[in-house]
Asker: 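Following this message is one structure expressed as structure tokens.
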Amino acid sequence: MSDQRMYVEAANALARHGYATRDLGFIGAGAQSVCYGTREVAVLLSRSDGGDEAADLTGHVVPGSDAPTTYNNYAVLQWLTVRAADAGVRTPRILAIGDDPRPHALIQRANGTPAAAHPQAADNAATWFGLLGAEIRKANLVETTGFGLFVPDGSGGYRGHFASWAEYLNRWLGVYLCVGQSRPEDEKVLDLFLAQDIVTERDLAAVASKVREAQEWPVRSVLTHYDNLLNNLVVDAGRITVLDWGLSLAGIGIQQELIKLFQTEPTSMESPRVAAFLRSYGLSEPECVEAIEGGKLMLVLDGLAMSYGWADDPDRLDGIRAWLRTVKRICGTW
């Protein structure tokens, strides 16, 4: 779709909700949405006319879960951002949603500079991740129900697709490691992984053993942002605003909040960003170590899930191999 048409649709959406369109301009774009805004408010426009499809967002979603999407639609985002903001998280509230001229959301404008594009990002990233840890702690105090991608709960709210953490992990074991009853398409993907000569059956057996141990973790269902990257922060006068809850889930909190950090940082307190994030989250040193160990397993799960989602795309083979090398490295520490 042309930029001009998107601009017109953004203006129409603003006008339909009673907002002026002066100073309307392009802000940015992601896999799910294109964003335009005025000084007062921003509008997210779905890249898909139907609003239910987006590329490259497999992430934490377990194939076979019967969930129709791999990200949170605007109705879910409105529901959860209100709860996050009510809990004190510095994040914009979604003010209104609609489907005409295409799925869209009106959202409070986040003022400041995107952290990833900030001229002082290299010097200040650890500080910003420290601020982020405190905000994510607030989000993780919001109780949810179930585990996994949010689905309607039948009473106007949302819950995680899986009733229990053990059920979520059981489905994960069956899909990605073919433990128990497995489908031919899952076995085919597992064969693809092993054919890369990076991970071995022994490595994957170690992963399965760790997952079974994780089923006994004492977990609570909490709002889990998951996508903790500089790309999702806006910085203004030493304060941050948290953006993009598109991949958020009913999760277990800190272990899953480390996944995106661990994709780019060492999986230890040797990373200034990881250390700042965990300490500002409010963990003691022993609790930091425990969270990191759990986060490493969550990273492995996420890596195999992402690789599974790419398995039918030959152009993604290098990405699959990169993930498998991460899995191999972490298995070597167990």
Asker: Give every residue pair that meets the ring-ring contact (aromatic ring centres under 6.0 Å, His included) criterion with at least one member in residues 261-307, sequence neighbours excluded.
Answerer: none
Asker: Testing the 3.5 Å rule here: is there a donor-acceptor pair between the side chains of Asn170 and Gln215?
Answerer: yes
Asker: Drop me the distance from Trp245's CH2 to Arg83's CZ, to the nearest 0.5 angstrom.
Answerer: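 Result: 12.5 Å between the selected atoms.
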Asker: Strictly by salt bridge (charged side-chain N to carboxylate O under 4.0 Å, His left out), give each pair with a member in residues 191-204 just once, sequence neighbours left out.
Answerer: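 Qualifying pairs: Asp203-Lys328.
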Asker: For Arg109, check salt bridge (charged side-chain N to carboxylate O under 4.0 Å, His left out) against everything at least two apart and list the hits.
Answerer: none
Asker: Anything under 30° is parallel, anything over 60° is perpendicular, the rest tilted; go ahead and classify Phe147 against Trp165.
Answerer: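 Phe147 and Trp165: tilted rings.
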Asker: Would you say the side-chain atoms of Ser221 and Thr144 include a donor-acceptor pair closer than 3.5 Å?
Answerer: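 Distance-only check passes for Ser221 and Thr144.
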Asker: Under the ring-ring contact (aromatic ring centres under 6.0 Å, His included) definition, can you give me all pairs with a residue in residues 6-40, not counting sequence neighbours?
Answerer: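 For residues 6-40, and leaving out neighbouring residues, the ring-ring contact (aromatic ring centres under 6.0 Å, His included) pairs sorted by first residue read His17-His104, Phe26-Tyr36.
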Asker: Strictly below 4.0 Å, N to O, side chains only: are Glu9 and Arg5 in salt-bridge contact?
Answerer: yes
Asker: Any salt bridge linking Arg321 with Asp318? Criterion: basic side-chain nitrogen under 4.0 Å from a carboxylate oxygen.
Answerer: yes
Asker: Say whether Tyr158 and Asn72, considering side chains only, have a donor N or O and an acceptor N or O under 3.5 Å apart.
Answerer: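 Judged by distance alone, the side chains do not pair up.
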Asker: Which pairs pass salt bridge (charged side-chain N to carboxylate O under 4.0 Å, His left out) with one or both residues in residues 272-298, sequence neighbours excluded?
Answerer: Glu265-Arg273, Arg279-Glu285, Glu293-Lys296
Asker: If a pair satisfies ring-ring contact (aromatic ring centres under 6.0 Å, His included) and one of its residues is in residues 191-212, list it, with sequence neighbours excluded.
Answerer: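 Qualifying pairs, neighbours excluded: none.
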